[in-house]
There are 2 protein chains.
Amino acid sequence: MAKITPLSGFPEWLPADRLVEQHVIDVFREVAELHGFANIETRAVEPMKQLLRKGEIDKEVYVVSRLHAEDGEDAPAADGEDRRLGLHFDLTVPLARYVLENQGRLEFPFRRYQVQKVWRGERPQDGRFREFYQADLDIIGQNALPAHMDADVAIVMADILRRLPLPGGFRMAVNNRKLSEAVFTALGLTDTPAVLRELDKIAKIGPEEVRRQLMEKAGATGEQADGCLAFAQIRAGADDLADRIAALGLSSDDIDAAVEELAYVIRTVDASAPGVCEADLSIARGLDYYTGTVVETFVEGHEDLGSICSGGRYDTLAADRRFTYPGVGLSIGLSRLVSRLVTRQAAVPTRSVPTAVLVIVESEQERLRSTEIARELRERGIAAEVSPTSAKFGKQIRYADRRGIPFVWFPSEDGGTTGDVKDIRSGEQVQADARTWEIPAEDARVRITTAE
Amino acid sequence: MAKITPLSGFPEWLPADRLVEQHVIDVFREVAELHGFANIETRAVEPMKQLLRKGEIDKEVYVVSRLHAEDGEDAPAADGEDRRLGLHFDLTVPLARYVLENQGRLEFPFRRYQVQKVWRGERPQDGRFREFYQADLDIIGQNALPAHMDADVAIVMADILRRLPLPGGFRMAVNNRKLSEAVFTALGLTDTPAVLRELDKIAKIGPEEVRRQLMEKAGATGEQADGCLAFAQIRAGADDLADRIAALGLSSDDIDAAVEELAYVIRTVDASAPGVCEADLSIARGLDYYTGTVVETFVEGHEDLGSICSGGRYDTLAADRRFTYPGVGLSIGLSRLVSRLVTRQAAVPTRSVPTAVLVIVESEQERLRSTEIARELRERGIAAEVSPTSAKFGKQIRYADRRGIPFVWFPSEDGGTTGDVKDIRSGEQVQADARTWEIPAEDARVRITTAE
């Protein structure tokens, strides 16, 4: 038998850790649905020609091919057309394709959430995963999408994040591409993407080095570079944002409009989730398809994780002959977050299995009675399993103990559904009937507790 | 922009159909957890050398490779060793590998369920999917696994199936490989796999043709072939199984032991789920790793779907230097089942989005008030969204109507969280406060209804 070794970059969890991941996904789903988002899943593969349209990330794609493909169907470019398939590397490219493919059957604005694995051929030695969960939510319009949707999406994410077992508080940092662009224009700079690219490095290389690179690579004078840095260092609430921008000594109608748009998002999120959201004008976001609001989110004390939830507004997610599809969305890098929760034991399940009650088996002849008691418990929603053996009671209790199962049930000798239930943590034991026994609410389901 | 076309064999659902799929997965999860099964997920890829160990299915595997792989790491056989990765084609091969890799950190017997997509390079023109969900549950022992576990697993599956929105009743057909083998031996036949292979074709090619092939390919005399066919045509309950076997005029200790084992499974399932399970001695199962109980499950009136839930006992799922890992498990071909439910409209969601209440926006200036009402509703678990526009009320109500959202909320003019709630199906309208309004239980969540 071949030696079994883990594959670097393809994380797998033990059952107890998977409970944390399931919990994070459950919270995401529950809150997204409370806000009226519908779920979809897209196939894992997309045509390579769709995946490679954004040149910058082509090196990360996994190509798939059938081991015994016929007729050259998987060849890179038979008759000049690339028919190959690749694994999706995000959920945005598939969403754009799904919207175009189904536009006649969807209602717009289309509110959808999607939690699926994605694959990237990154170097795993950089601490990056090659297979990981993304959890996305987006609102997609047909031709138009009101600006207040940006706030809607941020509110849902704040609602999700406050219910997650994060190891610290979170900070949602918001900027608006239009504000950056209007300010750079007022400073006399025209190459917005280049300026954003350099400003994006402040946290990594520091303002001094960014200043130098702005002058070298974005065509800025020293004064313009200083203006950019002063802008990027602004942190403000909805009420003082306009004053802080005015203090830069710049003004234009575009600046005023963008300040108003950004302040609206922060004010609206603040009304729903006070104190988590601020304007942070250093936020740039690498990808160039954002056209308005941009968001990054950091866990306090875990800033080294980078942004755990990012996204923004893109005026053209997709387009066909008749319509354009603007969107706004946010995405959680779920596996990286779960990995942190699990490895730091920041979130821990109350037990490693769903079972709440182990029904003891006195002898193999009596197994059916134990099975019947377990069935009665399950009918009332109590997770129960029957002991796999009729070994000595001590051994059966240890089976429960090793898995963290809180209760064992000793069937009474006179048959039926009665017996003694023992809480093996406290040793407390009571007589009960499986048809009426109430399990303490905190033991009914596995809960995820946050370590202090 | 490239033309967008669906990929044959890679099904994708619209949001309303995805609700049916989610429901089926939710039921599977809920029942599996009630029975104490823990969830795991395994990575999508396995080393090709693991995937190709069973020669018969190698043609179905998808190979994955990084577009810009370095150092020949994805080459078929650099230095003679195949380092390539392939997408898993089932959840059993990954389970075996996961158990070996983590055996020191798992508690045995290990009760796990797993719901993930698998990929097979089948010809999609045969109506088969290339990407589909499998939902598996298995119990894995270390060196030993008591026989009653076979019944345990069948009970869980019966419990899942009775809660699914199936378009007909279901029939769980059970056999035992040891019984088949003991009977064939008593008939004087030695090549059990060959006999099983031929008997497996009865439904497809009829008993006459199977009789001929038993003689041609399995070395049977006419009398032996008749004996096999008489055996395979037995359908029996727990109580008459022994008599039906005895009527074949055969007897041996092995037959008696296997009859007892099979009758135990049927009797035990019957106690939990009366009337769904019977001995069906034609059940053979193609795969040769089964060593005892084998199960197939059919939906009444949809026998053309084939078995929707299959599995059985395998005495050696995996082995390492110290232990063998026997298992018993069942697997639902979930996508094929969901596809049938959806295309025949056998299961239909009560609405296409999770939203229960659309909060009307009187004017954009009043949007924050509507947002606040939606927030209050969500705090109490009621899924609510705010109208995307402040268009005329009729237009906003049509937004709800098109999505099947049952209630619209008109904020009252005096502010706060009060307003009028209208059931747009009945037209009934009441005054309410978002902090106290109770939604009818049947409208709180999307439900899946079964068509008659």
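Chain A is the first sequence line, chain B the second, and so forth, proteins listed ahead of strands; every chain is numbered from 1. For clarity, every value in this text was computed on a predicted model and none was experimentally measured. Quick note: numbers below take in every heavy atom, side chains included, and nothing from hydrogens, waters or symmetry partners.
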Is it the side chain or the backbone of [X] that comes within 4.5 Å of chain A heavy atoms, both, or neither?
X: Leu358(B); result: neither
X: Leu7(B); result: both
X: Ala44(B); result: both
X: Glu30(B); result: neither
X: Arg367(B); result: side chain

With only heavy atoms counted, which part of [X] is less than 4.5 Å from chain B, the side chain, the backbone, both or neither?
X: Arg29(A); answer: side chain
X: Glu379(A); answer: side chain
X: Leu87(A); answer: side chain
X: Phe37(A); answer: backbone
X: Arg267(A); answer: neither
X: Leu106(A); answer: side chain
X: Glu131(A); answer: side chain
X: Gln103(A); answer: neither
X: Arg402(A); answer: both

Does a side-chain N-to-carboxylate-O contact under 4.0 Å join Arg84(A) and Glu46(A)? no
Lys/Arg-Asp/Glu bridge criterion (N-O < 4.0 Å) met for Arg378(B), Asp159(A): no
Donor-acceptor contact present, side-chain Thr389(B) to main-chain Ala391(B), <3.5 Å: yes
Would you say Arg43(B)'s side chain and Val45(B)'s backbone share a donor-acceptor pair under 3.5 angstrom? yes
Is Arg130(B) positioned over the aromatic face of Phe132(B), cation under 6.0 angstrom from the ring centre and no more than 45 degrees off axis? no
Cation over ring face, Arg403(A) and Tyr399(A), 6.0 Å, 45°: yes
Measure centre to centre between the rings of Phe108(B) and Tyr325(B), then say whether the value is under 6.0 Å. yes
Assess the residue pair Glu385(A) and Val357(A) against the criterion (side chain to side chain contact (heavy atoms under 4.5 Å, CB included)); give the C-alpha distance rounded to whole Å, side-chain angles, the decisive distance to 0.1 Å, and a yes or no. CA-CA 7 Å; Glu385(A) 61 178 288; Val357(A) 179; over 6 Å; no
